[in-house]
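This report refers to the structure that appears directly beneath it.
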Amino acid sequence: AQSVAQPEDQVNVAEGNPLTVKCTYSVSGNPYLFWYVQYPNRGLQFLLKYITGDNLVKGSYGFEAEFNKSQTSFHLKKPSALVSDSALYFCAVRDKDTDKLIFGTGTRLQVFP
Amino acid sequence: KAGVTQTPRYLIKTRGQQVTLSCSPISGHRSVSWYQQTPGQGLQFLFEYFSETQRNKGNFPGRFSGRQFSNSRSEMNVSTLELGDSALYLCASSLRTSNEQFFGPGTRLTVL
């Protein structure tokens with residue numbers, strides 16, 4: 001079965017510093033991977049996806065993610081964090097057998113001034 | 001383009017009652033998925049509809065059901081509500097089932 005893991009419940013970073021939110025996956029074959037963000041009392045917003053091609057994927061709001069096949073990781077990154085980036089971040093993988101989108105448990109990012 | 005809309009946004013029910021939640025996808029999107037989000041269980045997949053047919057179903061009891069109409073709007077129904085059904089119910093739409101999903105703001109259901 002396909003799955004994703006987000007090993008950190010919370011990540012704290014100072015404004016202006018680079019941030020990384022970790023995600024590892026377990027899939028058979030080539031993965032379809034996604035990152036979503038959820039602000040308080042809101043639904044999830046799509047940030048970026050990896051289907052194929054370049055390992056570095058650029059997305060919304062200055063975020064990017066690096067697909068690493070050897071480490072089975074798809075970490076979310078941003079060079080300079082903003083306080084407004086504080087939110088709940090979800091990594092997801094599409095199960096190719098069922099087409100279901102399977103989410104990780106989420107990582108709360110806190111950017112402090 | 002208008003985003004995914006969900007109604008109502010907030011709902012309070014008592015145990016044993018039933019509830020119907022509505023979701024209007026982005027215009028042109030034919031796939032609608034439903035998720036339950038709780039602090040303890042995270043995001044749990046409920047079901048997915050494409051062109052009025054249920055394509056996938058998660059591991060929820062039969063009290064949870066859904067349907068999709070010809071205009072792609074979808075409803076989900078929960079019968080015989082339990083306290084544990086209190087959650088944020090999210091709807092997401094996509095062009096096809098393999099595309100990225102766009103989420104609505106959710107319906108927060110509280111069961112007393």
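Letters A, B, ... mirror the listed sequences (proteins, then strands); counts begin at 1.
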Are [Y] and [X] co-members of a hydrophobic cluster defined by side-chain heavy atoms under 4.5 Å apart?
X	Y	value
A/L82	A/V37	no
A/Y61	A/V11	yes
A/F67	A/F90	no
B/Y49	B/V78	yes
A/F34	A/V27	no

For this session: Step by step, work out the side-chain contact (heavy atoms from CB on, under 4.5 Å) result for A/R42 and B/F103.
Result: CA-CA 9 Å; A/R42 303 281 295 275; B/F103 284 77; over 6 Å; no
Other residues, nucleotides, ligands: >12 heavy atoms within 6.0 Å of [X] [atom1]:
X	atom1	value
B/N71	CG	yes
A/R108	CZ	no
A/K22	NZ	no
B/R63	CZ	yes

Problem set entry | Pairwise distance CD(B/Q41) to OG1(A/T105) - rounded to 0.5 angstrom | 11.5 Å
For this session: Please round to the nearest 0.5 Å and tell me the distance separating atom OH of B/Y35 and atom NZ of A/K100.
Result: 10.0 Å
Note, [X] side chain near [Y] side chain (heavy atom, < 4.5 Å):
X	Y	result
A/L101	B/F45	no
B/L43	A/L44	yes
B/E100	A/Y36	yes
A/R94	B/Q101	yes

For this session: Give me the ring orientation class for B/F102 and A/F46: parallel if the planes are under 30° apart, tilted from 30 to 60°, perpendicular past 60°.
Result: tilted
Less than 4.5 Å to any heavy atom of chain B: does that hold for the side chain of [X], its backbone, both, or neither?
X	answer
A/K49	side chain
A/Q45	neither
A/L88	side chain

For this session: Pick one of side chain, backbone, both or neither for B/Q37, based on which atoms fall under 4.5 Å of a heavy atom in chain A.
Result: side chain
Problem set entry | Most chain A-contacting option - heavy-atom pairs closer than 4.5 Å, from B/G106, B/C91, B/P105 | B/P105
